[in-house]
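Structure first, then comments.
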Amino acid sequence: ADVEVIHWWTSGGEQAAVSVFAKEFDKTGDKWVDNAIALGETARAAIMQRALGGDPPDAAQFNPGRQYEELISAGLLLDLTPLAEKEGWDKFIRPAETVAPCKIDGKWWCVPVNIHMNNWAWASIPAFKKAGLEVPSTWDEYIADLPKLKDAGVIPFAIGGDGGGWQVSLMANQLILAQLGAANVEKIWKDKDLDLAGGPEVLKAFQTLKALGGYADPGSPNRSWSDTTSLVISGEAALQVMGDWAQGEFQVAGQKPGVDYACLLGPLLPDAKNVRIGGDIFVFFKQKDPDVERAQLSLASMMVNPQVQAMFNTAKGSAPIRDDVDLSLANDCMKKAIEVLKQPGAVVPDQNVWRNEAFATAQNAIFSDLIYNANTTPEAAQAQFVELLKNAE
Amino acid sequence: MTTTVATEQALTQRQLKARAGRRRLAGKLSAIIGTLPMMIVAIGVFVIGIIFTVVLSFTNSKLFPSFNFVGWRQYEILWATPRWQQSVINIWFYGFGHIALCLGLGFALAVAIDQRIRGEDAFRTVFLYPFALSAVITGLVWQLMLDPNWGFQAFVRSLGYTDFTFAPLANSNTALLGMVVASVWNGVGVTMAILLSGLRGVDEEIWKAARIDGIPTWRTYISIVVPMMRGAVATALVLLVVNVVRTFDIVIAMTGGGPGISTQMPATYVIDNINSRNVGHGMAAATCMLLPIAVLIIVQAVYRWRASRRGRTT
Amino acid sequence: MSAITASAGIEPSGPRPKQVTAARVGIYAFLLIAALFFLIPLIVMIMTSMKSMNEIRGGNIFALPTQPTFDYWVKAWSSACTGVACTGLAPGFFNSVKITLLSVPISIVIAMINGYALSFWRFRGAELMFAILVFGAFVPFQVLVYPIIFGLSRVGLFGTLPGIVIVHTIFGMPILTLLFRNFFSSLPVELFKAARVDGAGFWRIFFSVMLPMSVPIAIVAVILQVTGIWNDFIFGLVFAGRENMPMTVQLNNIVRTSTGTVEYSTNMAATVLTGAVPLIVYFVSGKWFVRGIAAGAVKG
Amino acid sequence: MATSVDIRDLSLNYGAVTVLDKLNLEVGRGEFIVLLGPSGCGKSTLLNCIAGLLDISAGQIFISGKNVTWDEPKDRGIGMVFQSYALYPQMSVEKNLSFGLRVAGFKKEEIDARVKHASEILQIQPLLKRRPVELSGGQRQRVAIGRALVRDVDVFLFDEPLSNLDAKLRSDLRVEIKRLHQRLKNTMIYVTHDQIEAMTLADRIAIMRNGVIQQFDTPHTIYNKPVNLFVAGFIGSPSMNFLNGQISNDGTFETGGVRIPLNGYGWEDGAVKTGAAVLGIRPEHVTVGAGAKALPFSADVDIELVEPMGADTIAWTRLGGHSVTFRAAAEIELHAGQKVTIGFDPARGSVFDAQSGDRI
Amino acid sequence: MATSVDIRDLSLNYGAVTVLDKLNLEVGRGEFIVLLGPSGCGKSTLLNCIAGLLDISAGQIFISGKNVTWDEPKDRGIGMVFQSYALYPQMSVEKNLSFGLRVAGFKKEEIDARVKHASEILQIQPLLKRRPVELSGGQRQRVAIGRALVRDVDVFLFDEPLSNLDAKLRSDLRVEIKRLHQRLKNTMIYVTHDQIEAMTLADRIAIMRNGVIQQFDTPHTIYNKPVNLFVAGFIGSPSMNFLNGQISNDGTFETGGVRIPLNGYGWEDGAVKTGAAVLGIRPEHVTVGAGAKALPFSADVDIELVEPMGADTIAWTRLGGHSVTFRAAAEIELHAGQKVTIGFDPARGSVFDAQSGDRI
Ligand SMILES: Nc1ncnc2c1ncn2[C@@H]1O[C@H](COP(=O)(O)OP(=O)(O)OP(=O)(O)O)[C@@H](O)[C@H]1O
Ligand SMILES: Nc1ncnc2c1ncn2[C@@H]1O[C@H](COP(=O)(O)OP(=O)(O)OP(=O)(O)O)[C@@H](O)[C@H]1O
Ligand SMILES: [Mg+2]
Ligand SMILES: [Mg+2]
C-alpha cells in the first residue's frame, strides 16, 4: 500500500538520508509517498492541522519530546507496542533517553530513527590557518582566537538566526550545560528550578552568548543553519556550533574530517563528558485500511532495521539508535560520538523532552533577542528566561 | 392583466394578507438563498470563528480545544512577554510606516501620472505589477537585495566605496525599515491605482476654478483635491489596514521575525503559538489583535445603521 | 503651470509657446526613478535565475549575466528536488491551475451575488452580515483555520479540491463583497426597478441585467483573486490534500532547501516561474485594473 | 368614467419620517394625471408605491378594481418610465422591449408581434438592433415607453421622463407623449416638477407638498382658482404677485396705502371676508398703458427692471411696497425707470386668508 | 463704448477637429453678452479660451486693451462662474471667497474688506461660516459669483450657471444676475442654451453654431430679424412656423395651394426676391378668431392639438400642408377638432432663401 510520509528533510544531506528510507521501503513492495514540507514548524503545523481535519498522513516526522503528546492522548496514533515487543525494540534501542520519548507508560507510540548530538563545533581548518592559528581544542582558546580571526577577515563565529532563533537557542543550551553540568540542566528545565535559572552560572552563559554575538557577521540574523554551515565549508567562517546533521553538508561538499574541517564534541569542555542528544522519530497515524496499517508497521520495522539504520545514519550524519550496526562507513567524527554515547550518564536529553514546543518558541525568542539586539542585556534576558520558566507548563 | 374583480373582493382581508405574505416571502426567498453562502460564511466562519477565538483565549487549550478555563491568565502572560510587547510596538511602527509611505508615495505617483504624461499605461503597469507577486516572493527578493554579501551594499562596495554600509535587515534597529521598503514596493501600486481613480473623479471645473483663482497646482492638490477624495482614501486605507493587521508572510520570508525579535508581529506571535500547540495563548493574542478593529467596526456599523434607517428600498 | 513672460516686441498670438519646464522634467524624473525602483527586483530575479552560481558568487546581483542560461529554469521546472521527489515545479503548476480555475469564478460569482443582494435586496440583518464580513477581513487567516478545519472535516471536504475552493471563497469574500457592493450601489436603482416592473426576480435580474454590467469591476476581482489564490501557500498546504498541493508548496521546498550551498539561480528561477502567471495577468490586464477600480473602490 | 387607480389612505414612512400621509387619489380610466410638486414632496415615492416598488406602511391600492396592495409590480398591470430611462445597457432595443415578455414566458411569435406593434407606434423600427448608448435622448425615451407598451398594461407611470433633456427636445417630446395618450387612451400618471409639462399634458393635476395633495383638479381650475397660497405661488411663471394687506368691512383691500376694491370677486362661500389677507394677481392679468385706466383698479408705478422674452416682456415694479411683475406684449416699449400706469380687475385675482393661506 | 474683450481670428482644434474657426468677437465695456447655441457648438470652448483655460490654436485675445493671449488665467482680469459652481467643498464660504486672495499673498485686512464687500453685495454675510453642502443652489451660485467678485475683475464669465437648478430658482436667479449687472456694470459674458435666459439678460446675444457665430445683435433684432433659418428656428418657443414655398414675380408667396401676399415685407435690400423661399411667422403673430379676418392674410383651419399653458394657450394646426402653431390668450376657448380662422401680417414674418437659408 501507499504510505504517505510527511517530513521536513529537504536539505542536501537530509534528502540523501530520507531517500534511503524511501528506496528501501519501495523494495518491500509498498510505496513511500513522499510529502516533504520545508521547515519543521511548517511541517508540524501541517501534520497537526491534517490530523485535526481527520485526514492525517500515514507517517510523520517529529522531534522526540512533547511535540506529539496530544496526538497520543487523543488516540490518533497507531500503537506500535505489538511490533516492538515482537521485534524486541527494548533490547537493542539505546540509550534510555532515546527510548523514553517513544515508550510512554509501557506503550510504544513512535519509532526513533536516529540520535543527533547537538553539541558539536564544526571548525574550518583553512580558516584558522588563514589567521595563522591552529584549530583550538578548548573553548577558552577559541575565545582568545576570536579577535585574530576577525582581523584576518574571517567570520570568527558562524551562527544563523532563522526560524525564530533555534540555532541561537541551541548555542545557549550548550553554554548553560557547560556552566552547570548535566544534573543541574535537568533541574532547570525539568524541575523549573528558578533559583538556579536566575543564578550566576546561567548569567555567565548569557554573557558569553552576548559576547559571541559580537563576532557574528551581518548576514547572520535570518540565515539558515545550512547556509551558515556552507560558510564554514567554504572557509569564510571559522567555527559553527551545530548538531551532527551539519556533518551531512560537509560530506555532500566532499570534505574530509581532519583535513578540511574539524569536529569538536562538547566544544565547551576540555574533554567531552556530556552529549546533548536529540533526534528524529516517526509516528504513525491510525488509518482505516488494514492494508495501510500493515504497510505502516512494515515501514516502522524497516526503520529500525540495522542495515537501513547504517545507511540512513551515514547519510544523515547522525548516530544509529542501536549498537549492532555496521559502522564501517562512519567517519571519525561519528565514531568519536558513539564512544561518548556509550559512557553511562553522559547523555543529556534535549529540553524538548521536558518542555513543550511553545516553551521552545518563546525561549528561542529570548536568546535570539539577546544576541541580535544590542539593547538587550544578559541580565534582562535572564530575567525573561526565569519568567518564562515560571509560567511554563 | 385585467382580472375578474368579484372573487378578489370576496376574499377576506386576512386571506389577502396571508397570500401577500407568502408572495412577499417568495420574492425575498431567492434573495435569501442567493446570500446563503454569505450568511454561512459570516455566521458559520467569522462569527463562530471569532467566538471560538475569544472563548479559547480564556482556556489553556493546547492542540485540541479544551474548556479548561483559566481566566485572564493567558492575557497576563501575554502582556508580560517581551516578544509580544515588541510585536505590538512593531505593528504600530510598521503599520504607520507602511500606510504613510503607501499613501504618500502612492499619492505622489498618482499625481505624477495624472499630469497627462506619455506612456501612462506603461508606468501604471510597472507600479502595479509587484502586487501580483506574493509576500513570500517579495520577501525573498528583497532579502536578497538587502543582503550585505550579495545585494545593494556589495554592489556599491564593488564600485569602490568599500566602507559603504547598507544592510538594514542585519541590524535590529533598522530591520523593520527594510521590511517597510519591501512591503511598500509590493503594495503601493494598488494604493496608487485607487487614488488615481479618485483624482480622476474630481470635477474638472474645480480645477478650472482653482486656475482662475491663481492657485498653484501643488496647492490645489493639497488644499482642494485631497480633501475631496475621501472615498478613495478610505478604500485605500481599509485595504492597507487589513494588510498591516495580517502581516505575516513577508516577515517569515524576509526576516523570520529577526534579528532577534525585532521584526516580530502580532500575527506571527499568534501563529507561532497556534503552531506550537499553545492554542489558548495564541487565541488570547488574536483577541487582543481584534479588539482595536472591533471598536472601529462597531463605530462604523452604528454609523451605517443610523444611515440605513433613513434609507431602505423594496 | 508655466510662467511665460512675453518678451517685448513679440505680439502674443496663437498657441502659447511650449517650454520644457522644470516641473515637467521633475515629474518624468520622479516617474522614471520610481519605475526603476519597481523594476529592479524583477530584473534582479530574472538575471539571477540566468547566472551560474559561480557568477553570482563572483559578482553582485545587479551585474548582467555574462553567459545567460535557462538551465536553471529547466531545472526548477522539471528536476529540482523537494524531499525524495525531484520533479521540479511542474506537477504543482497544474494543481495551481486547477485550484485557481475553480476558485476564481466561484468566489467571484458568490461575492457578486452578495454585493448585488446587499445593494438591491436589503433585508433585515443584511447590513449586519456585511459588517461581520468586513470585520472578517481583518482577522488573521490562521486564527480561522481551526474552525474551518473542523467544519470541513465534518462534511468530508477536508483535504479535497472542493475543500480548498471553499476556503478560497471564504477568504476572498470580504474584500470582493465590498468591491461589488460599492459597484452595484453606484448603479442607478431605476434599472433594478425597471426590471422588477418587467417581472424579473432575484436571479433573472442578476443574470440578465446586473452580471453583464459588472464587467469592469469583475476584471478587478479576477485580478485580485488570481493573484491571491495563485500565491497562496498556507491554505493549499492544509486544505488541498496531497494530490492537489499547489506550486507554492514546492516553491517553498525548493527555496528553503539547500544542497550544501544555496542555489540562488534555481531559487530565483523557481520564484520567477511561480510568479509568472499572476505577473502575466497583470501585464496584460493592468490597465483595466485602474479603470475598473474606479467603479468599485472610490465610492466610500 | 370607471376608476382605474384608486389609492386609499396610503401612508409611507421611512423610519420615523412620514413621507406620505393618508393620501387618497382616484384616477379615472384613460385619464392623464400629473403629479406636480417641489423636489422632495413625495411624488416619486407615491409612484413607486403604486408600482409596488416600495412597501407601503398603511392603506390600500386598487388598480382596475383589483386590490393590488400586496402584489408584485409585474402583476399590477402597470408600466413605468423612469427619468434616467433605465434601459438595460447591454441589451439591444429589441431585447429591452421584449425582456419583460421573455421573463413572463411568452411565445416567440407573440413577443415578435408585440415588439413590432410597439415599435411601429413609437416609430423606432430602424433602431431595434441598436443598443441604448447608440440612441439619442429622445429615442431612448421612446424605447422606455415601448417597454411599458409591449406589456400591454392599463396604467402608465412616468417619473420625470423629460427632465434630463434640453429645452427643445423636451417640448417636442411633450407633444409626442400627449399624442400617444390621445391614441392609446391608457391611464397615465405622470410625475414632474415642471409646470409647463403639467399644464399642457394633464387632464387633472395633483399638486403635492410634503406628502399631501393640496389640490387635484383640471389645469384651468388650478391656474385660475388655486385653493391656497402654496398652489397659487407654485403654478405660473413668472409667479403670481402677492400683496399682503387687510380687507376692511366694506370689502376694500388695503396694502401699503393702496386701496383696491374687491367688488365682483367671487368669494368662496359668497360672503365678504374681512381681516388680514393676501391678494394674488397673475402678471398677465395686469394691464399696462392706455387700457389700464379703465380697469377697476389702476395706479401709476415706476418700472424697475424689464425682461424681454421675445414674444412678450416681463416688467418689475412696486405697488404698495410689494414687488409686482406684469407681462406685456413685446410691442409695448418698456424700459427701466419709466413711469407707467398699470391696472387690473381684482375679480380675476385670488384672495387668501393671511393665517391659513387658504383661498377665501 | 470702450472695448473690453476683443477676440481676433480665434481658432481652436482638438487634433483634427476644428471647434472654433477664425472667430471674431468684440465686447464693449460693461456689456452683458450671452453666447447662445445648441449643445456642442463650442460655447464653453470659447469661454475657456477667453479665460485662458485652453491653449488656442491661432488668433489673439485682448482684454481691456491688453493682449492676454499667452497670459495665465489669473492674470487676465477675469472671473468665472461654472455650471457646477465648483466651490471648494471642504472650505467655508469665507474661505472659498478668500482662498485666491490668500494664495496671491494679500494682506489680511485687505482680504477681509473685500470679502465683506462682496458678501454685502451678494447678501451672503450670514452664510460666511457655512460649507457649500449646507447651502441651497441659489446661495451656492452667489458664492460662486462672489469668488469672482472679490478678485475685482473686469470681466465675468458665466458657463451655464443656472442649468442645474429647477425652474423656479432659475427664474429668480436670472433676475438677480441682471440686477447685479446693473449695479456692478462689469463686462459679462454668459453662456447658456436657454433662450429665455439669453433674451432676458443680454444686451447683445451671439448665436453660435458649429463654432461659428451666426448673428451677434440685440435680443430684439435677433428675435424679430433673424439673419437665417437656423437663428430663426433656434430662438422662440414654441418655435417659428416655417412654410416652404415659392415667391412669384408679383411678390406673392405660395405654399401648398395657399397664397400669401408679401406686401409690406421689408426686403433686405429693398427689392422683391422670387423663387424658392421659406416664410417664417412666429406663433404669437398669428391671430385667431374675429381679428384674424382683418389681417392681410387669413385662412380657416382645424385645430389638431391644444396645449394650455396657464397664461396662454398653444394650438397646433395645419396650413398648406405645414404644421402651424399659434399662441392665443388663455381666455379664448380652443379645443382639438375645432374649426377656426387664423390670420397674420406677413410683414411681421421673415422670408429666407430656401437654398442658403439666409434672410432675404
Ligand atoms: N430611501 C429613503 N430613505 C429616507 N428618506 C427618503 C428615501 N427616499 C426618499 N426619501 C425622502 O422622502 C421624501 C420624498 O422623496 P421623493 O423621492 O418621493 O421626492 P420627489 O417628490 O420625487 O422629489 P424629486 O422631484 O426631487 O424627484 C424626500 O424628503 C426624501 O428625502
Ligand atoms: N477635450 C476634447 N477633445 C475633443 N473634442 C472636444 C473636447 N472638448 C470638447 N470637444 C468638442 O468640442 C465641441 C464644443 O464643445 P463645448 O463644450 O464647447 O460645447 P458647448 O457649446 O459648451 O456645449 P454644451 O451646451 O453641451 O455645454 C464639441 O463638439 C465637443 O465634442
Ligand atoms: Mg422624484
Ligand atoms: Mg458647455
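For clarity, every value in this text was computed on a predicted model and none was experimentally measured.
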*Is it the side chain or the backbone of Phe289(C) that comes within 4.5 Å of chain B heavy atoms, both, or neither?*
side chain
*Please flag which part of Val244(B) lies under 4.5 Å from any non-hydrogen atom of chain C: side chain, backbone, both or neither.*
neither
*Using heavy atoms and a sub-4.5 Å threshold, report which of residues 36-46 of chain C line up against chain B, by residue number.*
Phe37(C), Phe38(C), Leu39(C), Ile40(C), Pro41(C), Leu42(C), Val44(C), Met45(C)
_Structural part of Ile271(B) lying under 4.5 Å from a heavy atom of chain C_ = side chain
*Taking all heavy atoms of Ala112(B) and all of Phe30(C), pick out the closest pair and write down the distance.*
CB-CD2, 3.9 Å
_Please rank Pro130(B), Ala294(B), Ala267(B) by heavy-atom pairs under 4.5 Å with chain C and give me the top one._
Ala294(B)
*Closest approach of Phe62(C) and Gly151(B), non-hydrogen atoms and distance?*
CE1-C, 3.7 Å
*Residue among Ala137(C), Ala111(C), Ala117(C) with most heavy-atom pairs under 4.5 Å to chain B*: Ala137(C)
*Around Trp288(C), counting heavy atoms of other residues, nucleotides and ligands shown, do more than 12 lie under 6.0 Å from its CH2?*
no
_Atom pair CZ (Phe171(C)) and CZ (Phe46(B)), whose distance is rounded to the nearest 0.5 Å_ = 6.0 Å
*Ala132(B) backbone acceptor or donor facing Asn231(C) side chain under 3.5 Å*: yes
*Are the side chains of Leu56(B) and Tyr146(C) in touch, meaning some heavy atoms are under 4.5 Å apart?*
no
_Heavy-atom pairs under 4.5 Å with chain B, option from Ile113(C), Thr227(C), Asn114(C), Leu32(C) with the top count_ = Asn114(C)
*Please look at Ile175(C) and chain B and tell me whether the side chain, the backbone, both or neither of the residue comes under 4.5 angstrom of a heavy atom of that chain.*
side chain
*Give, as side chain, backbone, both or neither, the part of Phe155(B) having an atom under 4.5 angstrom from any heavy atom of chain C.*
both
_Segment of Leu196(B) engaging chain C (4.5 angstrom heavy-atom cut-off)_ = side chain
*Check step by step if side chain to side chain contact (heavy atoms under 4.5 Å, CB included) holds for Ile223(C) and Phe131(B).*
CA-CA 10 Å; Ile223(C) 293 177; Phe131(B) 194 66; over 6 Å; no
*Distance from Phe206(C) atom CZ to Ser30(B) atom OG, nearest 0.5 Å?*
13.0 Å
*Contacting region of Phe150(C) [heavy-atom separation from chain B under 4.5 Å]*: side chain
*Please state whether the side chain, the backbone, both or neither of Leu31(C) comes within less than 4.5 Å of a heavy atom of chain B.*
both
*asked:* Rounded to the nearest 0.5 Å, what separates atom OG1 in Thr48(C) from atom CE in Met145(B)?
replied: 9.5 Å
*Between OH of Tyr28(C) and CZ of Phe123(B), what distance do you get to the nearest 0.5 Å?*
7.5 Å
*Look up atom CD1 in Ile27(C) and atom CG in Leu109(B), then write down how far apart they are to the nearest 0.5 Å.*
12.0 Å
_Closest contact, heavy atoms only, Met38(B) versus Met173(C)_ = CA-SD, 3.8 Å
*Portion of Ala108(B) that has a non-hydrogen atom of chain C nearer than 4.5 angstrom*: both
_Need one label for Phe152(B): side chain, backbone, both or neither, based on atoms under 4.5 Å from any heavy atom in chain C._
both
_Contacting moiety of Leu128(C), where chain B heavy atoms sit under 4.5 Å_ = neither
_Per-residue contact mode, Met283(B) against chain C (heavy atom under 4.5 angstrom)_ = side chain
*Tell me, side chain or backbone of Ile110(C) under 4.5 Å from chain B's heavy atoms, or both, or neither?*
side chain
*asked:* For Val111(B), which atoms come within 4.5 Å of any heavy atom of chain C: side chain, backbone, both, or neither?
replied: neither
_Given heavy-atom pairs under 4.5 angstrom as the criterion, report whether the side chain, backbone, both or neither of Val270(B) touches chain C._
side chain
*Between Val45(B) and Leu144(C), which heavy-atom pair has the shortest distance, and what is it?*
O-CD2, 3.9 Å
_Interface moiety of Ile43(B) toward chain C, non-hydrogen atoms closer than 4.5 Å_ = side chain
_Interface residue of largest heavy-atom contact number with chain C, from Glu120(B), Met229(B), Met192(B), Arg118(B), under 4.5 Å_ = Arg118(B)
*Against chain C, work out which of Leu144(B), Val47(B), Val245(B) has the most heavy-atom pairs shorter than 4.5 Å and name it.*
Leu144(B)
_Option that, when pairs with chain B are counted at under 4.5 Å, heavy atom only, ranks first among Thr271(C), Val139(C), Ile148(C)_ = Val139(C)
*Check each atom of Pro37(B) against the heavy atoms of chain C and say whether the ones under 4.5 Å are side chain, backbone, both or neither.*
both
_Residue Leu159(B) versus chain C: region with a heavy atom under 4.5 Å_ = neither
*Let me know if Met289(B) has heavy atoms under 4.5 Å from chain C in its side chain, its backbone, both or neither.*
side chain
_Atom of Met129(C), atom of Met39(B) and distance for their closest heavy-atom approach_ = SD-CG, 3.9 Å
*Can you tell me if Tyr282(C) uses its side chain to pair, donor with acceptor, with the backbone of Leu133(B) under 3.5 Å?*
no
*Between atom CG of Leu251(C) and atom CG of Leu140(B), what is the distance when rounded to the nearest 0.5 Å?*
7.0 Å
*asked:* Can you tell me which portion of Leu279(C) sits under 4.5 Å from chain B's heavy atoms? Options are side chain, backbone, both or neither.
replied: both
*asked:* With a 4.5 angstrom heavy-atom cut-off, is it the side chain or the backbone of Thr35(B) that approaches chain C, or both, or neither?
replied: both
